Amino acid sequence: MKEELEKRVAERTEELELKNALLHESETRYRDVVEDQTEFVIRWLPNWEYTFVNGAYCRYFETTSEALLSKSFMPRVFAEDRPSLEQVVASLTPEHPIGSIEHRVYRPDQSIGWTHWTIRALLDNDGQVEGYQSVGRDTTELKIAADTIREKEVHLAHVLRLATMGELVAGIAHEVHQPLHAAKTFAEAARRNLEAGLPSGIATAIDCTKEISEAISRTAKIIRNVRAIATSRPVELKMLDINRIVQEAAGIIAFETRRAQVEIRFELAEGLGPVQGDRVQLEQACINFFMNAYEAMANTPPGDRLILIRTCGTESQVEISFSDTGCGIDTSNKDRLFDAFYTTKPQGMGMGLSLCKSIAEFHAGQVWAESNTAGPGTTFVLALPRSVTPKENLTP
Ligand code: ADP
């Protein structure tokens, strides 16, 4: 029996040694994988202290694991981004233990880099968080590329605004001419009345000056609008009243509306609440929808040319729709409409809707087209979230 027992113990020991060797081998392989990869891998305690850092992470920060372990990694995180990191970490639960974040870091040369992380909460047997593991990578170059593209888009948007202005210039000249002509007529009337020297003439002359002042204000407003559209300026995100934006956009192209013999009807939601956005960009998107609708209705009988502007909102977003009674769209091309250079017009540039899409995306929103069901024509919808997130969208 003793011999038998010793034999079994020996067998069992051999078995355990083999398993240990396999475990060791697998741990070494795992460590090599973690060490050799270019992704950063770190583990840390709820008080932010490192418990593990891999080689890629150390190389990026030009340091060693000995220098990092037991220290907090927070000082490496860009100060302004620490609250968002804390928020993501606090949101991790046993049911949703994984989160992600892109935040800035201080690099060894004191420059600022961007990093993207997937964070997993590590739970003990009771479901309590005992630490976290983050896997990340440097996204600085991607960020710079995205910023360059955005800058180019802002520049392109300006060029296209100038192109739109070019199309509108005859109308604008006419718009300015009208109040100026009125002002001249009233000024002459005032002079005639004053020259006559009658007391009643003085009262009439005073009325004339009020009309002149009114005409000058109208002219100044038109010029202000033109300047706002034509001037190259940085993007400015503010809380905006979308109902006002569509009405102002309609005001800017009022002459074009009359020329195209189109009726604009507004069905604007009351108490819509504000949306975060750039006024000029959003006005430009509206102008593009208007201009496209006018062109689409060129063959619609004048009495039937109608654009219905509707706004509606929920707690999280606002929608503006532009429904026309024009030629309609080929639904199989519905998504191509928003591609750059897609046009069905002989003189078209195919940039209007593409720009609307960029503007929507800049505002973290969406834009789409639908064929009208109750009648002819198309409806374009611009949906904008109440607030533009993520934060990096704030820099054009
Ligand atoms: P462009 O107006 O220079 O052609 P856009 O990007 O503004 O460029 O429009 C792309 C195409 O989308 C147009 O050529 C037209 O075929 C279609 N489209 C745009 N708006 C409308 C509309 N309201 N009704 C019908 N088709 C439209």
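Here the structure is a predicted model, which means the values were calculated and not measured. Order of appearance sets the numbers: ligands from 1, and atoms from 1 within every ligand.
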Residues at least two apart in sequence or cross-chain that pass ring-ring contact (aromatic ring centres under 6.0 Å, His included) with F52, listed by chain then number, are none

Anything under 30° is parallel, anything over 60° is perpendicular, the rest tilted; go ahead and classify F40 against Y57. perpendicular

* To do: Report yes if the side chains of Q281 and Q284 come closer than 4.5 Å at any heavy-atom pair, otherwise no.
  => no

Between M297 and D324 the two heavy atoms that sit nearest each other are SD-CB, 4.0 Å

Please tabulate, one line per pair, the protein nitrogen or oxygen atoms found under 3.5 angstrom from a nitrogen or oxygen of ligand 1, with distances to 0.1 Å, or say none if there are no such pairs.
unit_1	atom_1	unit_2	atom_2	d
ligand 1	2 (O)	N292	OD1	3.1
ligand 1	2 (O)	K345	NZ	2.6
ligand 1	3 (O)	M349	N	2.9
ligand 1	3 (O)	G350	N	2.9
ligand 1	4 (O)	T343	OG1	2.5
ligand 1	6 (O)	G352	N	3.3
ligand 1	6 (O)	L353	N	2.8
ligand 1	7 (O)	N292	OD1	3.2
ligand 1	7 (O)	N292	ND2	2.9
ligand 1	7 (O)	L353	N	3.3
ligand 1	8 (O)	G350	N	3.4
ligand 1	14 (O)	T343	OG1	3.4
ligand 1	14 (O)	T344	N	2.8
ligand 1	14 (O)	T344	OG1	3.2
ligand 1	16 (O)	T344	OG1	2.4
ligand 1	23 (N)	D324	OD2	2.8

Sorted by chain and number, sequence neighbours left out, side-chain hydrogen bond (donor to acceptor under 3.5 Å, both in side chains) with S70 holds for none

For F338, the ring-ring contact (aromatic ring centres under 6.0 Å, His included) test, sequence neighbours excluded, returns none

